[in-house]
Amino acid sequence: MTEGNELIRAEGVGRSFASRRTSMWSATEAVQAVVDVSIGIRRGETFGLVGESGSGKSTLGRIMLGMMKPTQGRVLWHGTDLAGLDPAERAGFRRRVQMIFQDPLGNLDPRMRVLAQVREALDIHAEGTPEERKRKALATLASVGIDENLAQRYPHQLSGGQQQRVVIARAIILDPDLVICDEPVSALDVSVQAQVLNLLSRLQAELGLAYLFISHDLAVVRYICHRIAVLYLGRIVEEAETEALFAEPRHPYTRALIRSVPVADPAARRKREVLQGELPDPGSLPPGCAFATRCSLATDRCRAEAPALQTDSDGHAVACHLVETAGTRA
Ligand code: SF4
């Protein structure tokens, strides 16, 4: 990772939440949603966070957006700790980092016409004259494929894909450097998903945006991301350039995830593997490797000692005691 070109870096970030046991005799316990995560995102790249529901990827996204404080570690924005930003710097950070959520309709005001809510951020910052703000909002909407006619409508009068385009327009109108995309196409039809992913790619090329792209869908992250971190119970178990991750997945969890993706080819379908079991309760994990309860390669050492994340000279990082064995597809 070229740290000099980084916009943002999570450094040893952890986040725990208080959770109550169901029994009246039991005490409140801390559940670790994110554990010692370090990632960096460079200008103009798409960094993917992938994992099952409950893997901590959305929590990590909110921490990097500054919406949630980490309980361990820190987040650096251009090398400066978010926690140490003064009010003016924090306002600048909020402008440079935007977010797109999964449910577009839930993130639009049902009582405001589309044009007004895309223009709103410019109004809040009192940028230019009202006429200039309107022109910029219309131009931004046009750049995401929403014409002037659609801009005069209310959100419920648009399709799901059009609504998500409006959300994207709102996210980019202040010229951010980084957009955190949390499952941005999961609620859309498959045919519309490709259109929105292509739009995000085009905007990245035109505007030099970086994306933190959060998804449970490996096909989607493979399509759009340059680099991917695989999260399991809040821990990074593997991180690599996208091509390397799919060409040579090294962690047993990554390999199971990739093999569980449905494929159209009937011959290939026979090789498909379904990931066994559910995520264990993060509040009562046994010692050792967090994946051991679902890993067919687990040994006594795995059940006693948590593996460290080891990075090779190509920047391919894996946390597995048997990575050599796993890498040779045992
Ligand atoms: Fe499986 Fe052991 Fe590797 Fe964990 S450390 S993924 S249990 S082989």
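In this text the structure is predicted, and so the values were computed from the model without any measurement. Just follow the structure's listing: the first ligand is 1, and inside any ligand the first atom is 1.
In this structure, Phe291 and His251 have tilted ring planes: the angle between them lies in the 30° to 60° band.
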Derivation and outcome, side-chain contact (heavy atoms from CB on, under 4.5 Å), residues Leu322 and Arg301: CA-CA 10 Å; Leu322 302 183; Arg301 183 185 177 199; over 6 Å; no
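Each of Arg95, Arg119, Arg133 was compared with Glu127 under the salt bridge (charged side-chain N to carboxylate O under 4.0 Å, His left out) criterion, and only Arg95 meets it. Under the salt bridge (charged side-chain N to carboxylate O under 4.0 Å, His left out) test applied with Arg227, the options Glu239, Glu238, Glu45 reduce to a single match, Glu239.
Near His251, meaning under 4.0 Å from any of its heavy atoms, are these atoms of ligand 1: 6 (S).
Here 1 is the count of protein N, O or S atoms positioned under 2.8 Å from atom 2 (Fe) of ligand 1, waters not counted.
Expressed to the nearest 0.5 Å, how far CZ of Arg202 lies from CG of Leu207 amounts to 9.0 Å.
For the residue pair Ser215 and Val221, the shortest heavy atom distance occurs at CB-CG1, 3.7 Å.
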